[in-house]
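Proteins get letters first, then strands, A, B, ... in listed order; numbering begins at 1 in each.
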Amino acid sequence: MVDRLATKCGPLELANPVLAASGTFGYGDSFERFWPLETLGGFVTKTLFLAPRDGNPAPRIAETSAGMLNSIGLANVGWEAFVREKAPRVNALRGSARMLVNIAGNSPEEFGEIAARVEADREAVGCDAIEVNVSCPNVKEGGTNIGCHPGQFRDAVARVRAATTLPMFVKLSPNVADVVPFARAAAEEGAEGVSLINTLYGMQIDTELRRPVLGTGSGGLSGPAILPVGVHWVYKVRAALPELPIFGIGGISTWQAALQYLMAGADAVQVGTASFVDPNACREVLAGLDRWCAMRNTSIGEIVGAAHRVGERAEEPVWTG
Amino acid sequence: MVDRLATKCGPLELANPVLAASGTFGYGDSFERFWPLETLGGFVTKTLFLAPRDGNPAPRIAETSAGMLNSIGLANVGWEAFVREKAPRVNALRGSARMLVNIAGNSPEEFGEIAARVEADREAVGCDAIEVNVSCPNVKEGGTNIGCHPGQFRDAVARVRAATTLPMFVKLSPNVADVVPFARAAAEEGAEGVSLINTLYGMQIDTELRRPVLGTGSGGLSGPAILPVGVHWVYKVRAALPELPIFGIGGISTWQAALQYLMAGADAVQVGTASFVDPNACREVLAGLDRWCAMRNTSIGEIVGAAHRVGERAEEPVWTG
Amino acid sequence: MSQDAVRTLPLVEVEDVAAGTYWLRFALPAGLDCEPGHFFMLSAPSAGGAATMGAPFLGRPLSIGDVAGGRLHFLVRALGRATAWFRSLPSGTPLRLVGPLGRPFALPERPVHRMVAGGIGLAPFFYLARRLRHRQPAARIELLYGERTADAHARLAGPERDLFDLVERCTDDGSLGQPGTVVGMLDGPFEDAGAAWYACGPQPMLRALAARLESMGVEGAQFSLEERMACGFGVCQACIVPRRDPPPAYRLLCMEGPVVDPREVAW
Amino acid sequence: MSQDAVRTLPLVEVEDVAAGTYWLRFALPAGLDCEPGHFFMLSAPSAGGAATMGAPFLGRPLSIGDVAGGRLHFLVRALGRATAWFRSLPSGTPLRLVGPLGRPFALPERPVHRMVAGGIGLAPFFYLARRLRHRQPAARIELLYGERTADAHARLAGPERDLFDLVERCTDDGSLGQPGTVVGMLDGPFEDAGAAWYACGPQPMLRALAARLESMGVEGAQFSLEERMACGFGVCQACIVPRRDPPPAYRLLCMEGPVVDPREVAW
Ligand SMILES: Cc1cc2nc3c(=O)[nH]c(=O)nc-3n(C[C@H](O)[C@H](O)[C@H](O)COP(=O)(O)OP(=O)(O)OC[C@H]3O[C@@H](n4cnc5c(N)ncnc54)[C@H](O)[C@@H]3O)c2cc1C
Ligand SMILES: Cc1cc2nc3c(=O)[nH]c(=O)nc-3n(C[C@H](O)[C@H](O)[C@H](O)COP(=O)(O)OP(=O)(O)OC[C@H]3O[C@@H](n4cnc5c(N)ncnc54)[C@H](O)[C@@H]3O)c2cc1C
Ligand SMILES: Cc1cc2nc3c(=O)[nH]c(=O)nc-3n(C[C@H](O)[C@H](O)[C@H](O)COP(=O)(O)O)c2cc1C
Ligand SMILES: Cc1cc2nc3c(=O)[nH]c(=O)nc-3n(C[C@H](O)[C@H](O)[C@H](O)COP(=O)(O)O)c2cc1C
Ligand code: FES
Ligand code: FES
């Protein structure tokens, strides 16, 4: 069993390809009551800023067809409380599960600052890698999302790289015309890999109140609704940058969906929203992959990127309509 | 009844705010067997090119969670066959329903050429407006989607504007970092309004065959899954350009969804994918809006943009996660 | 909470008790241990697998309505997508239940226990009354229960009615019981600060009640609040309640509630 | 097709007839007029609105299996999401049926009608045989029916069996009937070019059969094909079949099929 599930994502050796995604797994200690943390290939913490953040006003979520919107606003306990209160306990529980610390800031400078703190507290925290969440508005520069703005994006990533030698995965936003140049820029700035995708912009209107449901107006769309969008971008990035390790994310709630990501070129996957609805989602995705590999007498390593290896599929322009 | 539903989208007076979207209604003659065409506020033809197109190889569709992917590839009968075989018949049937002719080309130049033909055949065709579909790859320039590339986009729109005096609506792609600049560019180039959104990029992998389901790899995602994405962009464009008329499109399968678009700022809506599953979808959306307006003693005109008129909602940056 | 906190249970029965209000009943799973005020997240099994057309995507929080007769009961009001869907389900439909979740009611020793329910805020009080009755047989248990209209008032059948020593009803329009709101009912006979006070209902009612109890000098009242929830166990950060004493500005209702002291909330 | 081409009908019954194969039955709606080879799109009612767990988003095409006993019957094989879901539905579940759609079988006057079915390609032939029997009582109706394995072979009960003068079965593995494929069965007794030929089954079988019939000099054979469909009535442009004589390169199966002349297809 270890053999067929064991895999790698860049420098990270993983007992299995299933991780829990940022913002859907707390700091690693929230699912204890359901199953042991060491079950996972790894997990990503909620995005941490240097200072604690309260996040946005309610309502913060809305349900959509096969998905949800959120405008949590990256509420988090802040770096210090994480190091002091969360990391030691989680480290004691996690076994071989990799811990990725997800970080962000309100400006490229702040990305550098928090990364420097992670580097400084590296021993105490014991994390295996950093995931850089560029999907937050640059509050100083009028709110453009850093992850959708090539210049700010490169700047933020470069600052993190300069501050730490930890393996760095950059989590990309799908709210761009083409994710590939951002993946390439991340690689050029020294990222060990990319995580894709984060949420899509979305809004729901409360037709009774005649106003947006979410307190902030718009939010991020996640869940099975966005599965094809994530698979598309993983496939495109893999095709363009075959050597760049990828965490596939977006709408995974079944092992079949995870398999789609792996075949599209993800080295491992992260399960997000599905864990809210079914706290066992990660475990079931993993169990399904295990059964499938056993039945086909194959392994995760053999599956990764399989959809790129069929015949002579030309890289056609994307025709829709 | 006529009063509460009657509305306008820019220069187009509409008996009601429900249109059928391009690519989901043929050339106006496919739903005859289900209900009379004159029921609608209007309809948009399948995208027409100058020459007929066969479109892409099979499979051309795949089902997703609350949506579907398509890679039809803009198969169409070509302008001449449309004028000769389709338009006369449809004109005889359509009553007050507006006919929008949707056009596209494989390069900005081709957009100009087909627009010139529409202008030349204007009397014979009898259409009320043009909808410009920029969501197709520029085959000459390496396949970048014209609607995602600011320069080509402006060029294509300007060429259509130069060629015809018909009202022009530009149908925008959501596969960009920000739709607002594209809407602004369309307005600057003389568009009477915008139609948003077209499909999102998406892919599905057939895990048995270990290859993408669609013959072309990726395709366009539509259906209820994308409703929040469309509502978001309609709201954003309305906020930024309050005077620009908007057709709201994307995931409308219920009257409540149509209401969300209207409140977000769409002057009228277009129903797409839903008509495949339920040929009565347009009619039922319309009936629902009518009942709702009657119950609230209101009218479409009063609803449009209502979500922008509540209190002092600040235009906050979009926070997700 | 134990590791079998996620269960798939077949629906036993749906029973209407008022316009739009119904009991949703399941067989009580062996080993389930829950307290009044606890809640569960109810959802359609295998979300996303076979995609869920009208079945809601997310789970929905429901308070434990009662535990009796070998069954687990939820009292539900059909307000939207999920609560209408639950009601439409045939017996035998499997549902996912995650829980029990949250921090339940404390059961203080008091001569009088007074429960103030607005609308579907009635839900948690059957089981609360049952447990109090069991632990404090001599205590007096009172229910003040208001609805907008008579037809929204839940029928209380014999054994349910018998859980309370007193049931006082009101309606906004006076069509049943006293006219006015439950908060209005307090004037006069119910101005007893020494009782244990419990409340559940819509936000405006709870806000008014909190102010009223504060002016009466009531200590340790327990309010069960509501907020939109995606997970119910502290990960999604959706269910925030503004704190009277920030920072932090909010707390999570699913972890530090749903039962809270009204004096700690920034109403 | 009339304007009541969209109907919501309650499912009457699901009945298994082989491993993974079942009849899906509805009461025959008044005024429904359909021919062998027609198909319907079946879907969950009110997409996006109401409540059906696990329902597919798009409709699925199913050939008319039979019209008999005041019922409309579909013979279905559970292959994926929708066909598994249909099978799981309790009686009474409402489904949307759009149709009848497509171009049905022509019913030529011939002494022998020979139907070649591979797998679930069996579906349209009951109704075809019934109609032929009615119109041409003296004609001989033969069914050549192959499956991979014995347990996939549909049971043919008395009245269904009696629709055919001859039923010849085969399996790939020889576990039932002749060993080999239906195309292999043609050698010898069934090399009769004068019969009316009908076929339905998987693509490779139809391709092989088309070649075989062409070499036998058969004219006017009628094959019922399959392709993914989103609408079923000519708008989505999904259901393309490559033409032997382009241009145009394709035709739409839902409009110019599903019954086509195999000589017009670029296999
Ligand atoms: C801890 C807790 C316990 C609850 N116990 C019960 C109970 O025992 N019985 C009962 O009938 N209801 C209870 N509720 C409320 C119940 O969860 C909501 O009515 C339900 O989620 C609405 O879902 P819907 O899909 O039917 O409505 P939607 O279509 O989602 O919305 C309908 C209306 O309900 C509001 N709403 C949506 N979600 C929530 C939510 N989580 N909390 C409050 N309002 C919401 C919406 O803003 C909207 O106004 C409880 C809520 C919480 C947080
Ligand atoms: C005109 C027509 C008539 C048909 N009549 C019958 C019938 O009477 N009985 C019957 O059991 N089946 C019939 N089919 C096939 C049936 O439509 C498919 O088996 C069904 O759509 C599969 O849906 P699913 O969700 O169960 O499978 P999916 O999960 O969608 O896919 C399972 C497999 O079926 C294939 N598939 C998907 N859609 C179609 C499709 N439209 N046509 C063919 N293969 C498809 C997929 O490629 C995949 O290999 C007919 C198809 C057509 C086009
Ligand atoms: C099968 C299919 C074909 C389409 N063809 C076109 C087209 O030719 N031109 C166009 O502008 N949009 C086309 N569209 C996009 C729709 O008009 C619409 O913008 C999109 O599907 C989102 O709306 P919906 O979710 O209601 O379908 C097509 C969509 C589908 C599903
Ligand atoms: C409630 C919520 C909170 C999230 N918070 C974060 C976050 O703090 N940092 C981050 O990088 N991504 C965050 N995400 C995005 C997820 O990690 C994931 O990229 C996205 O939801 C798509 O995956 P899914 O469809 O499986 O949820 C959040 C998502 C949700 C739904
Ligand atoms: S409901 Fe998710 S944190 Fe409370
Ligand atoms: S199935 Fe839509 S055109 Fe044939």
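Residues Pro61(C) and Phe39(C) approach most closely at CB-CD1, 3.9 Å, considering heavy atoms. The shortest non-hydrogen separation linking Val83(A) to Val125(A) is CG2-CG2, 3.6 Å. Pro258(C) and Gly37(C) get closest at one heavy-atom pair: CG-O, 3.5 Å.
In the displayed structure, Arg207(C) atom CZ is contacted under 6.0 Å by more than 12 heavy atoms of other residues, nucleotides or ligands.
A search for side chain to side chain donor-acceptor pair (under 3.5 Å) contacts involving Thr8(C) returns nothing, not counting sequence neighbours. Asn198(A) is linked by a side chain to side chain donor-acceptor pair (under 3.5 Å) to Asn133(A), Ser135(A), counting only residues two or more places apart in sequence or in another chain.
Counted by atom type alone, Asn102(A) and Thr45(A) present zero donor-acceptor pairs between their side chains at under 3.5 Å.
Contacts with chain C were tallied for Gly26(A), Pro279(A), Pro59(A), Ser30(A); Pro279(A) has the most, counting heavy-atom pairs under 4.5 Å. No other option in Ser43(C), Gly234(C), Gly232(C), Cys231(C) has as many heavy-atom pairs under 4.5 Å with chain A as Cys231(C).
Contacts from residues 244-251 of chain C to chain A, taken as heavy-atom pairs separated by less than 4.5 Å, involve Pro248(C), Ala249(C), Tyr250(C) in sequence order. Within residues 68-80 of chain A, the residues having any heavy atom less than 4.5 Å from a heavy atom of chain C are, in residue-number order, Met68(A), Ile72(A), Ala75(A).
Using a 4.5 Å cut-off between heavy atoms, Met255(C) touches chain A through its side chain atoms alone. If you measure heavy-atom distances from Ala274(A) to chain C, you find no contacts under 4.5 Å at all. Neither the backbone nor the side chain of Arg243(C) comes within contact range of chain A, judged by heavy atoms closer than 4.5 Å.
In this structure, Arg131(C) pairs ionically with Glu35(C), as a charged nitrogen and a carboxylate oxygen lie closer than 4.0 Å. A salt bridge is defined here as a Lys NZ or Arg NE, NH1 or NH2 lying under 4.0 Å from an Asp or Glu carboxylate O, and Asp16(C) with Arg87(C) meets this definition.
For Phe31(A) and Phe233(C), the gap between ring centers is short of 6.0 Å.
By the 30° and 60° cut-offs, the orientation of the rings of Phe26(C) relative to Phe74(C) is perpendicular. The aromatic rings of Phe82(A) and Tyr27(A) sit tilted relative to each other, their planes meeting at an angle between 30° and 60°.
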